[in-house]
Amino acid sequence: MNPRIDLRSDTVTKPTAEMRRAMASAEVGDDVYGEDPTVRRLEERTAEMLGKEAGLLVTSGTQGNQVAVATHVLSGQEVITEAQAHIFYYEAAAVAAIAGAQIRPVQGRKGVLDAESVREAIRPVDVHQPKTALVSIENTHNRAGGTVTSANVLRAISEAAHQRKVLVHIDGARLFNAAVALNTPARELAGPADSVQVCLSKGLCAPVGSVLVGSKAFIEEARQWRKRLGGGMRQAGVIAAPGIVALTTMVDRLAEDHENARFLAQELGNLPGIGIDLETVQTNIVIADVAGTGLNAEQMCKRLAESGVLASAFGATLVRFVTHHDVNREDLIEAVNAASKIVQAVRVS
Ligand code: TLP
């Protein structure tokens with residue numbers, strides 16, 4: 001069967017009709033010369049939404065994070081991240097390869113760091129030890145199942161960092177999911193950080209791109225790092241235009257994805273052998289432990305795919321399902337039915 005229900009990630013979302021129209025009619029120029037008015041509009045709009053002075057369109061979330069790290073951190077320094085953060089786990093050791101820095105992974109509670117553990121992880125001044133230069137906070141936290149860090153916790157962590165002259169970056173690939181789930185304006189979540197990266201191409205459905213925001217001075221330096229990494233794009237207005245539509249029309253509807261994730265988590269969690277920590281289902285990600293079914297994650301994903309449902313293996317027995325604009329409640333009911341049949345078949349065999 002051709003897989004029809006794609007729950008591997010919200011990155012699979014396609015641009016909406018309005019986005020495609022915006023792309024076709026976008027006013028463009030050479031953005032490396034700073035002459036693309038649509039890119040400028042997107043950068044200003046994102047900076048304004050996040051309460052920062054300036055923004056920079058980058059090709060991807062990974063590029064946004066790495067440009068931020070390279071701008072903030074010198075070779076030989078250290079970056080604190082949560083132990084399963086995307087920057088540590090999924091960016092091909094770019095912090096080491098590009099900035100020449102090392103990561104200090106700190107275990108959070110369900111992906112959420114706290115001020116005390118960050119304070120403890122900041123290195124003392126000591127000739128033997130690297131200088132801690134940056135703390136990166138992932139909000140929402142992908143591998144923990146889309147968990148959110150509240151404005152209060154963000155503020156406390158940032159205070160602890162800033163007191164020791166350590167900067168703060170937010171990997172906000174899904175910051176708008178956090179804002180919607182917490183019912184807190186995104187600018188309040190972004191407020192305490194020195195830089196924030198937000199993705200346009202996840203739940204917001206734009207085809208490409210992320211925006212990095214921060215102070216004017218930071219963005220000026222980040223622009224050179226983007227160029228160095230090959231991210232200086234020319235008539236990028238065709239990418240920025242759907243990004244503007246994404247920020248304007250797609251943020252509030254994320255609540256629907258969150259309700260769908262909760263529904264999916266509850267239904268899947270009722271199936272024999274599937275374990276789900278409902279406490280972590282706060283946004284659009286569901287992580288199911290399929291160990292009790294007798295299948296491992298790869299086997300479960302393969303069987304689901306044969307039934308028309310795509311999910312991601314996220315560990316030996318962990319399977320990730322992500323809800324988004326391009327799947328509806330009926331699709332999720334179908335996915336649960338498919339999982340139910342697989343689980344029953346394994347039990348009787
Ligand atoms: N995450 C992807 C995969 O890489 C796992 C996904 O499908 O969820 N920060 C966070 C928190 C992310 O989840 C991702 C993408 C990124 C950064 C990187 O974004 P891109 O894929 O645009 O480089």
Side-chain angles (χ1 to χ4, degrees), residues 6-15 46 56-70 79 81-95 97-98 103 105 108 110-113 134-149 154 169-179 181 186 189-190 193 195-213 226 229-231 233 239 242-243 246 254 257 261 280 282-287 297 301 310-315 318-327:
D6 195 343
L7 299 166
R8 285 172 303 170
S9 183
D10 45 10
T11 59
V12 303
T13 46
K14 306 254 169 68
T46 316
L56 183 70
L57 172 64
V58 288
T59 56
S60 65
T62 302
Q63 190 178 70
N65 286 337
Q66 295 306 326
V67 162
V69 171
V79 179
T81 73
E82 203 283 328
Q84 300 228 9
H86 195 278
I87 286 189
F88 178 55
Y89 214 95
Y90 286 127
E91 299 189 10
V95 168
I98 297 167
I103 287 185
K110 302 192 195 241
V112 179
L113 288 172
L134 183 70
V135 179
S136 177
I137 301 166
E138 186 171 313
N139 202 11
T140 66
H141 192 296
N142 184 350
R143 283 194 61 81
T147 52
V148 300
T149 300
L154 281 163
H169 172 68
I170 294 179
D171 175 356
R174 299 185 178 83
L175 189 73
F176 293 110
N177 292 85
L189 299 178
S195 60
V196 184
Q197 179 274 121
V198 289
C199 286
L200 304 167
S201 182
K202 301 212 160 40
L204 302 188
C205 298
V208 188
S210 289
V211 183
L212 179 63
V213 300
R226 183 187 69 171
L229 297 179
M233 297 179 284
I239 288 171
L254 293 171
D257 299 344
T280 65
Q282 301 170 5
T283 55
N284 69 329
I285 299 179
V286 177
I287 297 186
C301 288
L310 295 180
S312 304
F314 228 49
L318 300 180
V319 177
R320 185 185 74 161
F321 301 83
V322 184
T323 56
H324 53 76
H325 176 261
D326 297 353
V327 289

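In listed order, ligands and their atoms are each counted from 1. From a predicted model like this one, the values you see are computed outputs, not experimental measurements. Along the sequence shown, the residues carry numbers beginning at 1.
Annotation: salt bridge (charged side-chain N to carboxylate O under 4.0 Å, His left out) contacts of K110 (sequence neighbours excluded): D277, E279. Contacts of R8 classified as salt bridge (charged side-chain N to carboxylate O under 4.0 Å, His left out), with partners at least two apart in sequence or in another chain: D6. Every residue two or more places apart in sequence or in another chain was checked for a side-chain contact (heavy atoms from CB on, under 4.5 Å) with S201, and none qualifies.
The two atoms that bring H86 and E91 nearest to each other are ND1-OE2, 2.6 Å, heavy atoms only. Pairing each heavy atom of A206 with each of P242, the nearest pair is CB-O, 4.1 Å.
A donor-acceptor contact closer than 3.5 angstrom is absent between the side chains of H169 and S136.
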List below, pair by pair, the N or O atoms of ligand 1 and of the protein that are less than 3.5 Å apart, including the distance to 0.1 Å; reply 'none' if no pair qualifies.
| residue | atom | partner | partner atom | Å |
| --- | --- | --- | --- | --- |
| ligand 1 | 1 (N) | H86 | NE2 | 3.2 |
| ligand 1 | 4 (O) | H86 | NE2 | 2.9 |
| ligand 1 | 7 (O) | S9 | OG | 2.7 |
| ligand 1 | 7 (O) | R320 | NH2 | 2.9 |
| ligand 1 | 8 (O) | N142 | ND2 | 3.0 |
| ligand 1 | 8 (O) | R174 | NH2 | 2.8 |
| ligand 1 | 8 (O) | R320 | NH1 | 2.9 |
| ligand 1 | 8 (O) | R320 | NH2 | 3.4 |
| ligand 1 | 9 (N) | D171 | OD1 | 3.1 |
| ligand 1 | 9 (N) | D171 | OD2 | 2.7 |
| ligand 1 | 13 (O) | N142 | ND2 | 2.9 |
| ligand 1 | 13 (O) | R174 | NH1 | 2.9 |
| ligand 1 | 19 (O) | K202 | NZ | 3.0 |
| ligand 1 | 22 (O) | G61 | N | 2.8 |
| ligand 1 | 22 (O) | K202 | NZ | 3.2 |
| ligand 1 | 23 (O) | G61 | N | 3.4 |
| ligand 1 | 23 (O) | T62 | N | 2.9 |
| ligand 1 | 23 (O) | T62 | OG1 | 2.6 |

